[in-house]
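So that the names make sense, note that chain A is the first sequence line, chain B the second, and so on, each numbered from 1.
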Amino acid sequence: MIRLGLCCIFRDEPIKFRRTTAAYLQRQTRDEGLRYLSEIAAANAAALKAALRYCRDNGIGAFRINSQILPLKTHPQAGYAVNDLPGHARIVADFKACGRFSRQFDIRTSFHPDQFIVLSSPQADVVRRSVADLVYQAEVAEWVNADVINIHAGGAYGDKQAALGRLAAVIDSLPPAIRTRLTLENDDRSYTPRDLLPLCERSGLPLVYDVHHHRCLPDGLSEEMVTAKALRTWDREPLFHLSSPADGWAGSKPNRHHDFIDPADLPVTWLKRDLTIDIEAKAKEVAVKKLLKFLNKQGAGHMTGQARGDILKRGASR
DNA sequence: AGCGGTCAAGTTGAT
DNA sequence: ATCAACTTGACCGCT
């Protein structure tokens with residue numbers, strides 16, 4: 001029932017995604033740069049396939065794809081169209097093969113555009129560039145069968161309600177490829193579940209409930225309450241986030257992520273339901289496998305007969 | 001071959 | 001007023 005998700009990269013497994021920098025590209029001719037970007041894109045499509053295969057083979061049910069899978073795609077100078085890349089047909093075909101693999105083995109994929117993607121900004125150009133990046137990520141999402149593009153609400157600018165109003169207006173203007181995948185996540189600085197739930201309910205956007213952020217920035221709503229409300233914003237399998245604090249809850253910086261997940265940080269109300277939990281832990285696949293092992297043991301421990309093993313959608317022991 | 005400074009972008013909050 | 005912290009390494013220039 002529960003599936004655990006791995007975020008973007010591996011700690012031990014030799015699966016790497018490549019990148020480059022604008023400075024490096026700008027020292028070359030346009031053609032040389034595009035050839036280089038094409039190599040990286042092809043390598044990243046291969047790495048994604050390897051990542052999905054790893055997930056399948058290790059009982060990991062979801063994989064978050066780094067937003068730099070096509071590096072510098074929308075950079076003002078170094079940016080490019082897919083069709084500019086030499087061998088683009090093959091590259092797109094490779095990504096689409098990842099999409100078929102994802103469907104075939106039920107490995108859910110998602111995107112999490114980084115902090116520069118801000119739809120609530122009062123600066124029109126910031127919003128324009130953010131939307132351009134979402135267009136790119138939605139294009140790749142179509143290829144690879146990703147059903148979630150998850151963003152934060154952005155800055156508060158001293159007036160959260162005004163910022164949320166701008167956000168809602170931008171959301172309404174987005175093309176379907178983005179709109180149908182877009183989700184909102186509570187953050188640990190400005191926007192709590194209490195802030196976001198009304199917008200989610202009104203705009204029909206699912207809430208990606210990050211319980212770690214909620215613990216860092218509480219809003220008076222209980223975890224049980226937010227869990228229940230967030231579940232209702234989803235028209236498909238919900239996706240939540242989980243992490244543990246690096247130095248414990250009493251440490252100086254509880255918002256920093258630990259290498260692993262302390263099972264005590266997993267809300268009990270999340271168990272035994274259809275749910276994707278993205279594991280934000282620095283030990284990456286090692287941390288996911290460790291939690292899977294714990295949950296399997298746990299599931300077998302307090303359940304009997306037919307229910308045995310059903311706690312997890314995908315078993316860890318293969 | 002290996003090391004380490006640097007990397008497109010926005011916003012906040014700590015100093 | 002400046003700058004690290006967010007996700008987090010991987011890359012590229014230099015020795």
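Geometrically, Arg166(A) engages Tyr157(A) in a cation-pi contact, judged by NZ or CZ lying under 6.0 Å from the ring centre and within 45° of the ring axis.
Separating the CD atom of Gln26(A) from the P atom of dG13(C) is a distance of 13 Å, rounded to the nearest angstrom. Rounded to whole Å, atom C1' of dC6(C) lies 10 Å from atom NE2 of His112(A). In this entry the distance linking CG of Asn150(A) with P of dC6(C) reads 18 Å, nearest Å. Computed from coordinates, the Asp12(A) CG to dT8(C) P distance equals 15 Å when rounded to whole Å. His258(A) places its NE2 atom 15 Å from the P atom of dC6(C), with the value rounded to the nearest Å. To the nearest angstrom, C1' of dA5(C) lies 13 Å from CG of Asp187(A). The interatomic distance linking His241(A) (NE2) with dC6(C) (P) rounds to 17 Å, in whole Å. The distance from atom CG of Asp188(A) to atom P of dC6(C) is 9 Å, rounded to the nearest whole Å.
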Result block: side-chain N/O donor-acceptor pairs under 3.5 angstrom for residues 192-200 of chain A, not counting sequence neighbours:
unit_1, atom_1, unit_2, atom_2, d
Thr192(A), OG1, Arg194(A), N, 3.4
Thr192(A), OG1, Asp195(A), N, 3.2
Thr192(A), OG1, Asp195(A), OD2, 3.1
Thr192(A), OG1, Asp219(A), OD2, 3.4
Arg194(A), NE, Asp219(A), O, 2.8
Arg194(A), NH2, Asp219(A), O, 3.1
Asp195(A), OD2, Lys160(A), NZ, 2.9
Asp195(A), OD2, Thr192(A), N, 3.0

Exercise. Check the pair His75(A) / Leu25(A) against side-chain contact (heavy atoms from CB on, under 4.5 Å), numbers first and verdict last.
Key: CA-CA 11 Å; His75(A) 185 278; Leu25(A) 288 176; over 6 Å; no
Self-check item: From CA spacing to verdict: salt bridge (Lys or Arg N to Asp or Glu O under 4.0 Å), Asp94(A), Lys49(A)
Solution: CA-CA 8 Å; Asp94(A) 288 350; Lys49(A) 188 66 169 294; over 6 Å; no
Practice problem: Just do the side-chain contact (heavy atoms from CB on, under 4.5 Å) check on Val208(A) and Asn186(A) with the steps written out, would you? | Solution: CA-CA 7 Å; Val208(A) 171; Asn186(A) 60 301; over 6 Å; no
Quiz prompt | Worked check of side-chain contact (heavy atoms from CB on, under 4.5 Å) between Val82(A) and Lys73(A) | solution = CA-CA 8 Å; Val82(A) 173; Lys73(A) 177 72 173 62; 3.8 Å; yes
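Every salt bridge (Lys or Arg N to Asp or Glu O under 4.0 Å) that Asp125(A) has, sequence neighbours left out, goes to Arg128(A), Arg129(A).
The residue among Tyr36(A) and Ile9(A) whose nearest nucleotide of DNA chain C lies closer to the 5′ end is Ile9(A). Each of Phe10(A) and Arg27(A) was assigned the nucleotide of DNA chain C with the nearest heavy atom; the assignment lying further toward the 5' end belongs to Phe10(A).
In DNA chain B, runs of at least 3 consecutive Watson-Crick or G-U pairs, each pair with both distances below 3.5 Å, span B:1-7 with C:9-15, B:10-15 with C:1-6.
As judged by a 4.0 angstrom heavy-atom cut-off over every strand, His257(A) is placed among residues touching the sugar-phosphate backbone only. Contacts of Tyr191(A) with the nucleic acid, taken as non-hydrogen atoms under 4.0 Å apart, are absent. The residue Lys282(A) sits apart from the nucleic acid: no heavy atom pair falls under 4.0 Å.
Alongside Val286(A), the hydrophobic cluster contains Phe260(A) (criterion: ILVMFWY side chains under 4.5 Å).
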What are the atom names and distances for every N/O pair under 3.5 Å that joins the protein to nucleotides 11-15 of chain B?
unit_1, atom_1, unit_2, atom_2, d
dT11(B), OP1, Ser121(A), OG, 3.0
dT11(B), OP1, Tyr157(A), OH, 2.3
dT11(B), OP2, Gln123(A), NE2, 3.0
dT12(B), OP1, Ala156(A), N, 2.6
dT12(B), OP1, Tyr157(A), N, 2.9

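The P atoms of dT8(C) and dA1(B) are separated by 31 Å, rounded to the nearest whole Å. Distance noted for atom P between dA8(B) and dG13(C): 12 Å (whole Å). Nucleotides dC3(C) and dC7(B) place their P atoms 14 Å apart, quoted to the nearest Å. Distance noted for atom C1' between dG4(B) and dC6(C): 22 Å (whole Å).
Pairing each heavy atom of Arg3(A) with each of Asp106(A), the nearest pair is NH1-O, 2.8 Å. Nearest heavy atom pair, residue His212(A) against residue Trp249(A), reads CD2-CH2, 3.3 Å. Heavy atoms only, all atoms of each residue included: Arg181(A) and Ala177(A) are closest at NH1-O, 2.8 Å. For the pair Gln68(A) and Asn44(A), the tightest heavy-atom approach, listed with the atom from each and the gap, is O-ND2, 4.0 Å.
Residue Lys16(A) places no side-chain N or O under 4.0 Å from the OP1 or OP2 atom of dG9(C).
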Exercise. Could you encode protein contacts along nucleotides 1-9 of chain B as a string, one character per nucleotide from 5' to 3', using B for base contact, S for sugar-phosphate-only contact and - for no contact, with a heavy-atom cut-off of under 4.0 Å?
Key: ------SBB
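Remark: His112(A) NE2 to Ile117(A) CD1 distance equals 11.5 Å, nearest 0.5 Å.
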